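The model shown is predicted, which means the values in this text are computed figures rather than measured ones. In what follows, chains carry the letters A, B, and so on, assigned in the order in which the sequence lines appear, proteins first and then strands, with residues in each chain numbered from 1.
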Amino acid sequence: VTDLSLLPLFASLALPGSAAPPPDTVQMLARIEILSRELEELKAQVAAQQAANTPPPPPPPPLPISAQAPPARPLNLWGYGEAYLTMPTRVDGLAQADLARAVFGIGYQFSDATRFNSEFEVEHAVSSSSDPGEFEVEQFYVDQNLGGAVSAQIGLFLIPTGLLNEHHEPTNFYGVQRNFVETLIIPSTWREGGVSVEGDHSGVSWAAGLTTGLDLSRWSFHAPPPRTALELEDQDNAPMQATHQELALAAVHGPSGFLSARFHGIPGLTVGASLFAGDAVPPSPSPAAHVTLWEGHCRYEPGRWDLSALYARGTFTGTAPANLAEPGAPNPLPAAFFGWYLQGAFRALQRGDFRLVPFVRYEVYDMGARYEGLSGSPPPSSYVPRDHVFTFGANVYVNPGVVLKWDVQAFQWNQDFTRVDLSLGLSF
Amino acid sequence: VRFNPVHIVLLAPAGLLGPTLYATDYLTPAEAQRILFPEATDFASRPLVLDPEQTTQLREQVHLDPSRVQLVLATRQGEPVGYVLVDQVVGKTLLITYAVGFSTDKTIRGIEILSYRETHGGEVREKAWRRQFVGKTAASPLRLGDDIRNISGATLSCAHLTEGVRRLAALVAVGLP
């Protein structure tokens, strides 16, 4: 069409400048002129029609759907921490405030299937030779997906036991401090070095691993008795808490391993169990030692309720020769220890992210359920390595990542441990 | 300690950890579409056309950026039977890619997890947990601890996926015919 519109111009250019055109040429030019006008009219009509009938231009096509999108950044940071104020109510002068832990995690995604996770922890705010704090590597492992829901870990990782050990952030548990059973019997946060495989199928998640084990030669037969519940949790008086090695120049005396399984096929219900067993570095002068810890747990979260129960029991072999070698020691090495608790929490108030969750917990622990090879009499002490503890309090979630806590704890045997606690916890 | 050969055999699985073996993708979008709408004969990507007011409403009410959501129309012999929306949420630190099927009456038909990248919390792939969403709409609470129950140990993934589904339900209520 555009080319035809130029015909009159071409025709005029073809004519000599001053010469008069012959009559047939004049007719032809006139006809071309008419055709040209008709053509312009037709073009205008077509354009008008198109404007009336044509739908608006289609929007750009949607982005291709892809499940392969990698995370925007392969490096991830996270963290959690908690600060306490703990006030014994029966003994003056033992109240303490503590930035109990500040933990920061670094993860790196090498590929869709290979990931590195680590957590670094500062306990008690300041770590130096003259301060009470510690700097610890809490996790340091590579996770390799083996296809589907099966993966393997190698490095320093958490043992999948109980309700708290793998989920120990302050936003995940009720009360200022972790419960005693999952501190003194299960030594949360318990990690070992090794290799493990885990998977999740048909509502059951499972894990199995080969790891480093415990060193019973680290047991302190003359450890001073704790004066407060805070000291009880911090001083390594507990059987496994005092003897796990955390991959710090860990002595490898033989293989240790674990199995765990957890059913979560009914929404809101979790039922699980785990077993850890292995050779341990024996306490002098024992020739050999073996460690076993097993536990079963259950958590049910119907509606506003959060109900949980846990039982754990551990045994050490090879303790008799060591105890015989320390007659009358105030802190003999136990051959068996156990604990259990029942806990109920109720979401009493929720406004957006704000939640008020009061709770109660009753727990029993005995770090010396059985001894072998005791001789002599230990020095008199008001402290005993067992108790029945009743706790009530509330978690106040400012948002899912920030929690203020308050609780009161009463002890049946070590009554001087009775206390009121406050804390700030956070996790991101 | 002296290790005997049995110990070495037990440790052998560590040697299997080579370079990338498999991805963490469980379903392709096409597979998820067929699971959510097995009766459909055709699936076609559709642009999500929202007016500025709808976009603002979604951003302010449910904090959803509609531009990142991908929409597929499921039809059976030319008749619409529902929509599939694909989106992503953060689990703890990594993205979970998921698809939600909505019937034409805007009720949730089902949820499928396409990709899960975290090392923990993958229990949200459990069918019984995902089934809790079926039949719910934007008018449902769609809140963890209310009408959606938690999986202990996978709380962050459960919470964030529930929030994501709530956002998509709002998008369907506001933006689809």
Side-chain angles (χ1 to χ4, degrees), chain A residues 58-69 71-72 76-78 105 107 109-115 117 142-149 151-154 163 166-167 172 195 197 200 203 205 210 252-255 257 262 264-268 270 299 301-304 308 347 350 400, chain B residues 1 3 6-7 10-11 13-14 16-30 32 45-49 68 70-72 86 88 92-95 97 99 114-120 122-123 125-129 131-132 143 145-146 148-156 159:
Chain A
L63 294 172
I65 293 175
S66 168
Q68 314 293 327
N76 308 109
L77 299 173
W78 64 91
Q109 194 79 25
F110 290 103
S111 70
D112 261 2
T114 309
R115 178 169 176 77
N117 272 339
V142 171
D143 181 283
Q144 176 71 41
N145 187 271
L146 299 178
S151 62
Q153 294 79 37
I154 185 165
L163 284 163
E166 290 185 289
H167 309 286
N172 283 337
V195 57
V197 181
D200 189 275
S205 55
L210 279 174
V252 182
H253 194 74
R262 203 174 53 175
H264 53 79
I266 298 173
T270 298
R299 186 175 182 185
E301 299 171 82
R304 292 168 170 245
S308 51
R347 183 157 32 89
Q350 177 150 16
Chain B
V1 62
F3 276 94
V6 173
H7 298 157
L10 289 172
L11 285 168
L16 297 177
L17 304 181
T20 302
L21 299 176
Y22 299 93
T24 50
D25 303 310
Y26 296 100
L27 291 174
T28 65
S45 289
R46 286 282 183 271
L48 190 57
V49 181
R68 67 158 195 246
Q70 299 172 35
L71 172 67
V72 170
V86 177
Q88 295 182 319
K92 181 180 178 184
T93 55
L94 300 178
L95 292 172
T97 308
L114 277 58
S115 297
Y116 190 90
R117 302 172 177 86
E118 303 275 1
T119 54
H120 290 87
E123 295 90 340
R125 291 178 53 244
E126 176 57 37
K127 195 172 183 177
W129 188 78
R131 200 185 293 134
Q132 297 181 95
R143 287 188 186 281
D146 284 341
I148 304 297
R149 288 186 178 178
N150 187 30
I151 300 173
S152 181
T155 301
L156 288 176

So, the part of A/N172 with a heavy atom under 4.5 Å from chain B: the answer is neither
Chain B heavy atoms under 4.5 Å from A/L163: which part of the residue, side chain, backbone, both or neither?
side chain
Is the closest side-chain heavy-atom distance between A/N117 and B/E118 below 4.5 Å?
no
Scored by heavy-atom pairs under 4.5 Å with chain B, the best of A/G105, A/S151, A/A149 is A/A149
Looking just at side-chain N and O atoms, do A/R299 and B/S152 make a donor-acceptor pair shorter than 3.5 Å?
yes
B/T97 and B/V86, any side-chain heavy atoms less than 4.5 Å apart:
yes
Under 4.5 Å to a heavy atom of chain B? For A/H264 that would be both
With respect to chain B, which residue among A/R304, A/E166, A/R347 yields the maximal number of heavy-atom pairs within a distance under 4.5 Å?
A/R347
Yes or no on side chain to side chain contact (heavy atoms under 4.5 Å, CB included) for A/D112 and A/N145, after CA distance, side-chain angles and deciding distance?
CA-CA 8 Å; A/D112 261 2; A/N145 187 271; over 6 Å; no
Which region of B/T155, side chain (C-beta onward) or backbone (N, CA, C, O), has a non-hydrogen atom less than 4.5 Å from a non-hydrogen atom of chain A, or is it both or neither?
neither
Heavy-atom contact with chain A under 4.5 Å, split by part of B/K127
neither
Cut-off 4.5 Å, heavy atoms of chain B, and the answer for A/P302 is both
Residues that B/E123 engages under side-chain hydrogen bond (donor to acceptor under 3.5 Å, both in side chains), provided they are two or more places apart
A/R262
Part of B/R143 lying under 4.5 Å from any heavy atom of chain A:
neither
By side-chain hydrogen bond (donor to acceptor under 3.5 Å, both in side chains), which residues pair with A/S205, not counting sequence neighbours?
none
Under 6.0 Å from the six-membered ring centre of B/Y26 and within 45° of its axis: does the NZ or CZ of B/R125 meet both?
yes
